[in-house]
Amino acid sequence: MGNDRKIIRDVYESLLACYGPQSWWPVTPPGGRSPVYSGGPTNVSQRLEVMIGAVLTQNTSWNGARKALENLSSQNRLDFQSLLEIPEEKLGLFIRPSGYFNQKARRIKSLISFLNERYGADWERFFAEPVSRMRRMLLGLYGIGPETADSIILYATGRASFVIDSYTKRIFYRLGITPRDIPYKELKQRFEKALPAESKLYNEYHALVVIHGKERCTAREPECEGCPLEQICVRRGISRGESGLR
DNA sequence: GCCCAGGCTTAAA
DNA sequence: TTTAAGCATGGG
């Protein structure tokens, strides 16, 4: 699709003009109590927080993941050593508000154990691994699939790996440029071919997709009137009901 | 009460 | 290789 390029770039410009910069990923400031959108992590503990948050928000609203993170940080458990030592069952209690708490506790322990076994006390060297290598390692872990791996690479380490999520699939299906249930890898490649490989751009693009999917292009009843993508979307003028898609 | 949310694993066809 | 079920809390 040689036309992907223009559409994908136009969508970005329109979303950015409408919503403005999103300053992802939310992290807890030093001494703070709650994650805030302030342009992403600036130190190792915030990078770790992003990784944990990426697992916690799987198929769950950020609000639930945020509460789970607040529980951990208010108990001083949101650091590498604490997460390494805490029993899985106890971790589960802290992160309950994020849902799937048993699975997610296991996933977080799996990630932390891996870092510990591979790097020991110098676990933060993980962040310096080359992108492709890091991605392979992450995908080999229990409970880390393509989206979580890409989120970690992009938002925790600040390197360019485009993140696809359910909002991306829904929005671009509705726009009429991708099939329903397009495989993750395929859609990711289309974005990465259409855009310069800049982490800042990937970061902002995904964040804009999320806010658009959350606030306007919602699952049940998209609010098409006044949509910033009205001129691009093939569904403009189509009545509700046949609007299709979840 | 129902649907949805910043997915992933496992088992079955 | 594709499809479905299971995981679970919280907000609209």
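Below, chains carry the letters A, B, ... as their sequence lines are ordered, and counting in each starts from 1.
- A continuous path of Ile, Leu, Val, Met, Phe, Trp and Tyr side chains, each step under 4.5 Å between heavy atoms, connects A:V44 with A:F126, placing both in one hydrophobic cluster.
- To the nearest angstrom, C1' of B:dA5 lies 8 Å from OH of A:Y100.
- Protein atom CD of A:Q103 is 16 Å distant from nucleotide atom P of C:dA5, rounded to whole Å.
- Summarising the geometry, the separation between CH2 on A:W62 and C1' on B:dC4 is reported as 18 Å, rounded to the nearest angstrom.
- Taking the nucleotide of DNA chain B with the nearest heavy atom to each of A:L139 and A:T57, the more 5' of the two is matched to A:T57.
- A:K109 and A:L83 get closest at one heavy-atom pair: NZ-O, 2.9 Å.
- A:Y205 comes within 4.0 angstrom of nothing in the nucleic acid, heavy atoms only.
- The distance from atom CD of A:E215 to atom P of C:dG12 is 13 Å, rounded to the nearest whole Å.
- Regarding A:N102, its CG atom lies at a distance of 9 Å from the P atom of C:dT9, rounded to whole Å.
- Distance, A:N59 CG to C:dA5 P: 16 Å, rounded to whole Å.
- Under a 4.0 Å N-O distance rule, the pair A:R135/A:D150 qualifies as a salt bridge.
- A:E204 has no carboxylate O lying under 4.0 Å from a charged side-chain N of A:K200, or vice versa, which leaves the two without a salt bridge.
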